[in-house]
Each structure stands twice: as structure tokens, then as C-alpha cells.
Asks: 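Could you have a look at this structure, given as C-alpha cells, before my questions?
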Amino acid sequence: MQAPKPLRKALLDWYAHARRKLPWREQPSLYGTVVSEFMLQQTQVSTVLPYYDRWLKVFPDFASLAAASEVEVVKQWEGLGYYSRARNLQRLACEVTANGLPDTFDGWLALPGVGPYTAAAIVSIGLDLPHAVVDGNVVRVLTRLYAIESNFSNNASAVKSIAPLADALLAQESPGDFNQAVMELGATVCTKGQPSCVICPWRPYCKAAGRGDPSTFPRIQRRAVVQKSVQRIWLQTAAGLLMERIPDTAKRLAGHYELPLAESCQDFVSINKRPLVIKKRGIANESISEAIHACTLKSGVEPSSCLSAETDLQWIPIAQLESIQISGPHRRWIRGILGTANS
DNA sequence: AACTCGGGGCC
DNA sequence: GGCCCAGAGTT
């Protein structure tokens with residue numbers, strides 16, 4: 001390995017002037033660090049920014065978050081995805097409010113929603129403890145720096161393989177800045193498609209840049225995408241729009257509302273043959289096509305008789321759509337359809 | 001080790 | 001349209 005010392009200095013000098021002004025950096029606090037790290041799990045900085053600002057206004061500290069209701073917490077998270085993060089963050093707030101803040105890596109790791117990455121980020125940034133983070137950015141930057149040609153079977157094995165390198169490189173005296181600097185480099189310079197090697201502080205040390213093929217790293221096998229298709233209905237009456245509530249016991253989008261599945265309504269609606277619109281969305285390795293069919297009630301059926309305890313169907317007055325939790329794509333689709341209808 | 005969990009940005 | 005993103009929990 002290249003002597004780590006010049007690499008550390010080059011990176012930290014670059015980070016001192018190139019780092020983006022982000023709210024959790026401008027007004028640093030342990031609470032802000034924890035909130036930002038939860039939001040940033042599998043989510044890009046630009047997406048997180050508005051959520052972070054609003055979150056700190058509504059829940060300014062651990063105690064206020066611990067005291068909030070779960071519905072309120074998930075409502076503030078709406079649209080950000082991976083809702084277990086919100087519930088885990090609140091459980092964490094309850095635990096630290098009751099038992100105090102951990103001061104070790106293992107102490108943070110034991111809290112809900114905190115894995116190896118998040119624990120290392122929190123203790124390095126918030127407590128100056130020397131733990132290296134390994135996320136997607138770090139994997140990309142280090143596999144390029146050393147031109148590691150291993151074909152990793154998945155992301156987890158790449159992280160595991162890169163961890164010792166990250167530990168060896170870590171600047172022990174400023175672990176928080178070093179960790180953020182590597183990730184900042186990955187996010188702004190050593191990007192996936194076309195890295196900006198000419199402005200990279202590690203250009204003189206980078207094996208992949210020297211060879212001219214940095215964008216071919218890391219080499220990680222991706223899972224095949226599974227195609228799925230779903231039929232949904234659009235049924236609007238004087239009572240409002242028919243929506244289906246996803247049970248609290250569901251793993252995905254528990255407690256959220258979506259447009260009803262056609263199979264939940266087949267007993268009482270007539271479905272127009274041609275769908276109103278066909279939308280697509282992705283969830284992890286699934287590509288889901290959702291056809292939305294405009295419907296009418298079968299003759300003689302009253303709106304109230306559509307509702308039953310088994311299906312979780314509810315009439316939502318149009319004016320109240322904003323105040324319930326709706327999955328992000330469905331909220332956009334509904335706005336689009338209502339907007340088209342009104343114009 | 002494999003699966004599940006959202007949504008948005010980007011080429 | 002495919003890929004990726006400051007990952008963690010469950011099985």
C-alpha cells in the first residue's frame with residue numbers, strides 16, 4: 001500500500017475547501033448527526049435536504065422526538081422511503097432519552113436502526129473516535145485507488161473486503177473529517193459514470209486513474225430485475241376517492257394508503273377495459289407496472305357497502321387526501337389525475 | 001448469504 | 001429504462 005500519510009493530507013486539504021455547506025455540517029450537533037445519517041441511508045443528499053430542515057424544526061432534539069406519536073413521526077418521513085428508518089429513529093430517541101447517550105461504537109451499534117456504517121459515522125463525526133466508515137462511496141473510491149479487480153457477488157461482500165483498507169487509511173487524529181472527506185470525494189468527484197480525475201486530490205496516487213479505466217470499478221454483480229404488474233382502480237364518488245389502507249402488520253408501507261387493488265373491489269365495481277393510465281415504479285430489484293382503471297359502482301351498489309373490515313377500503317374526501325399518509329408515487333399519480341380532470 | 005424495504009436523480 | 005444512492009433488519 002502507498003504510504004497513507006500523504007494520501008491523508010492531500011484528502012484533508014482538499015476537503016477543507018471543497019466540502020459542501022450542508023446543514024448538519026454548518027450547525028453540528030450529535031442529534032443532527034444521527035438524524036442526517038439515518039436519512040442518508042440509501043438516499044442522496046439532495047433528496048434529504050428539505051426533509052432534514054423540516055425535521056429539525058418539528059423535532060429539534062431527542063426528547064421531542066421521543067415524545068412524539070409514531071403517526072406524526074412517519075408523517076414527517078412521508079416520501080423519503082424506507083419507513084422503518086423513521087420508526088427506528090424514534091425508538092432510538094426513546095432509548096437515549098431514558099438511558100443517556102452511548103459514548104462507544106458498540107454502544108451506538110446496539111441501538112435500533114444503527115448498523116456498522118451508521119455507528120462508525122456517529123462516533124467518528126460526533127465523538128472523534130477512530131472508526132472508518134464503509135459505504136458505497138468508500139467502496140467506489142478505494143477500489144479505484146487500488147484498482148481492485150475482484151468481482152464481488154454483492155455489495156455486502158465488497159464492503160467487507162474494503163473495510164481493512166479503510167481502517168488502514170483512516171486519519172486517526174481527525175476521523176470525522178477523514179470519513180466525510182472520502183464520502184464527499186465519492187459523491188462529488190469520484191462519481192460512478194464519469195469521475196473528474198483532473199481535479200481529484202488522489203489523482204497522483206490512484207491506480208485506476210493511471211490506467212485510464214476508473215469507471216470500471218467497483219466490479220459488483222447486480223441482481224436480476226424481476227418484472228411485476230398490478231391492477232388498481234380509480235373510483236371517485238360524492239363520498240370522495242376510494243383508497244386502500246395497508247395494514248400495520250405489512251412489511252411494506254404499513255399504515256400508508258394507496259389506490260385500491262382491483263381484486264379488492266371486484267365484487268362491486270365495473271372496470272373499464274382500457275386503463276386510465278399505466279405507471280411504473282421500482283422497489284429494489286423489482287420493476288412494477290401499475291395499471292389504473294377508471295371504475296364505476298355496479299348498479300344498485302351503495303358507496304357505504306363497499307367498505308368491509310377485511311379489505312381496509314375507505315372513502316377519502318378529496319380535501320382530506322393531503323392529511324393522510326399516501327405512498328409517494330401514488331400521491332403524485334393522484335395529483336396528476338385530479339389535475340387533469342379539473343383542467 | 002439472500003431477501004426485503006422507497007423513492008428520486010441521473011445518464 | 002437501468003443503475004445507484006452517507007444500509008439495516010430479518011430469515
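So you know, we letter chains A, B, ... as the sequences are listed, proteins then strands, and number each from 1. Below, each value reflects all heavy atoms present in this structure, side chains not excepted, and no hydrogens, waters or symmetry copies.
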Asks: If you take any heavy atom closer than 4.0 Å to DNA chain C, which residues from residues 15-27 of chain A end up in contact?
Replies: A:R20, A:L22, A:W24, A:R25
Asks: Check the angle between the aromatic planes of A:Y31 and A:F62 and answer parallel, tilted or perpendicular using the 30° and 60° thresholds.
Replies: perpendicular
Asks: So A:W202 and A:F178, would you call those rings parallel, tilted or perpendicular, with 30° and 60° as cut-offs?
Replies: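 Geometry flag for A:F178 against A:W202: tilted rings.
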Asks: Over all strands shown, is A:R331 touching base, sugar-phosphate only, or nothing at heavy-atom distances under 4.0 angstrom?
Replies: nothing
Asks: When we call it a touch if two heavy atoms are under 4.0 Å apart, what does A:S327 touch: a base, just sugar-phosphate, or nothing?
Replies: sugar-phosphate
Asks: Considering only B:dG6, B:dA2, C:dG7, which nucleotide approaches the side chain of A:N154 most closely?
Replies: B:dA2
Asks: Would you classify A:V114 as touching base, sugar-phosphate or nothing, given that sugar-phosphate means primed atoms plus P, OP1 and OP2, and contacts are heavy atoms under 4.0 Å?
Replies: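 Counting heavy atoms under 4.0 Å across all strands, the contact made by A:V114 is with sugar-phosphate only.
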Asks: Tell me whether A:E244 is salt-bridged to A:R232, with the criterion being a basic N under 4.0 Å from an acidic carboxylate O.
Replies: no
Asks: Can you tell me the distance, in whole Å, between the CG atom of A:L89 and the C1' atom of C:dA6?
Replies: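 Taking CG of A:L89 and C1' of C:dA6, I get 15 Å after rounding.
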Asks: When the C1' atoms of B:dC3 and C:dA6 are considered, how many whole Å apart are they?
Replies: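 Roughly 22 Å separates the two C1' atoms.
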Asks: What nucleic acid atoms does A:S84 come within less than 4.0 Å of, heavy atoms only: base, sugar-phosphate, or nothing?
Replies: nothing
Asks: How do A:K160 and A:R85 order along DNA chain B: which one's closest nucleotide is nearer the 5' end?
Replies: A:K160
Asks: Map A:G115 and A:K192 onto DNA chain C by nearest heavy atom, then report which one ends up closer to the 5' terminus.
Replies: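 Closer to the 5' end of DNA chain C: A:K192.
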Asks: Just to verify, which of A:Q314, A:H330, A:R331 counts as forming a side chain to side chain donor-acceptor pair (under 3.5 Å) with A:Y257?
Replies: A:Q314
Asks: Reckon A:S157 touches a base, only the sugar-phosphate, or nothing at all at heavy-atom distances under 4.0 Å?
Replies: nothing
Asks: Send over the distance from A:N155 CG to C:dG7 P, rounded to a whole Å.
Replies: 8 Å
Asks: With a non-hydrogen cut-off below 4.0 angstrom, is A:G136 in contact with a base, only sugar-phosphate, or nothing?
Replies: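 Touches sugar-phosphate only.
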Asks: Would you say CD of A:Q194 has more than 12 non-hydrogen atoms from neighbouring residues, nucleotides or ligands within 6.0 angstrom?
Replies: no
Asks: With P as the reference atom in both, quote the distance from B:dG6 to C:dT11 in angstrom, rounded to an integer.
Replies: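 It comes out at 15 Å once rounded to the nearest Å.
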Asks: Regarding A:R140, tell me which of base, sugar-phosphate or nothing describes its non-hydrogen contacts under 4.0 Å with the strands shown.
Replies: sugar-phosphate
Asks: Taking N or O atoms only and anything under 3.5 Å, show me the protein contacts with nucleotides 9-11 of chain B, one pair per line.
Replies:
residue, atom, partner, partner atom, Å
B:dG9, O4', A:Q44, OE1, 3.4

Asks: Measure from CE on A:M39 to P on B:dG7 and round the result to the nearest Å.
Replies: 15 Å
Asks: If you look at every strand shown and take non-hydrogen atoms under 4.0 Å, does A:N179 touch a base, only sugar-phosphate, or nothing?
Replies: nothing
Asks: Rounded to whole Å, how long is the line connecting atom CH2 of A:W77 with atom P of B:dG8?
Replies: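 It is 14 Å, rounded to the nearest whole Å.
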Asks: Taking CD from A:Q41 and P from B:dG8, how many angstroms apart are they, rounded to a whole number?
Replies: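 My rounded result for the distance is 18 Å.
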Asks: Looking at A:D53 and A:K57, is any side-chain nitrogen of the basic one under 4.0 Å from a carboxylate oxygen of the acidic one?
Replies: no
Asks: Between A:R8 and A:E173, does at least one N-O distance fall below 4.0 Å, as a salt bridge requires?
Replies: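 Salt bridge between A:R8 and A:E173, a charged N being under 4.0 Å from a carboxylate O: no.
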Asks: With no angle test and no hydrogens, is the base of B:dG6 tied to the side chain of A:Y82 by a donor-acceptor pair under 3.5 Å?
Replies: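 Indeed, a donor on one side and an acceptor on the other fall under 3.5 Å apart.
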Asks: Would A:K75 and A:E78 pass as an ion pair if we require N to O under 4.0 Å?
Replies: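 Judged by the 4.0 Å cut-off on N to carboxylate O distance, A:K75 and A:E78 do form a salt bridge.
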Asks: Checking all strands, does A:L253 fall into the base, sugar-phosphate, or nothing category for heavy-atom contacts under 4.0 angstrom?
Replies: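 Result for A:L253 = sugar-phosphate.
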Asks: A:V138 vs A:L165, test: side chain to side chain contact (heavy atoms under 4.5 Å, CB included). Steps then yes/no.
Replies: CA-CA 10 Å; A:V138 178; A:L165 286 176; over 6 Å; no
Asks: Reckon A:G186 touches a base, only the sugar-phosphate, or nothing at all at heavy-atom distances under 4.0 Å?
Replies: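 If one applies the 4.0 Å heavy-atom cut-off, A:G186 turns out to touch nothing in the nucleic acid.
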Asks: In whole angstroms, how far is the P atom of C:dG9 from the CG atom of A:N88?
Replies: 6 Å
Asks: What integer number of Å spans the C1' atoms of B:dG9 and C:dA8?
Replies: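 Here B:dG9 and C:dA8 have their C1' atoms 23 Å from each other.
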Asks: In chain order, what residues pass the salt bridge (charged side-chain N to carboxylate O under 4.0 Å, His left out) check against A:E37, with sequence neighbours excluded?
Replies: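 A:E37: no salt bridge (charged side-chain N to carboxylate O under 4.0 Å, His left out) contacts found.
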Asks: Is there a side-chain hydrogen bond (donor to acceptor under 3.5 Å, both in side chains) between A:Q41 and A:T118 once you walk through the steps?
Replies: CA-CA 8 Å; A:Q41 290 170 11; A:T118 305; 3.0 Å; yes
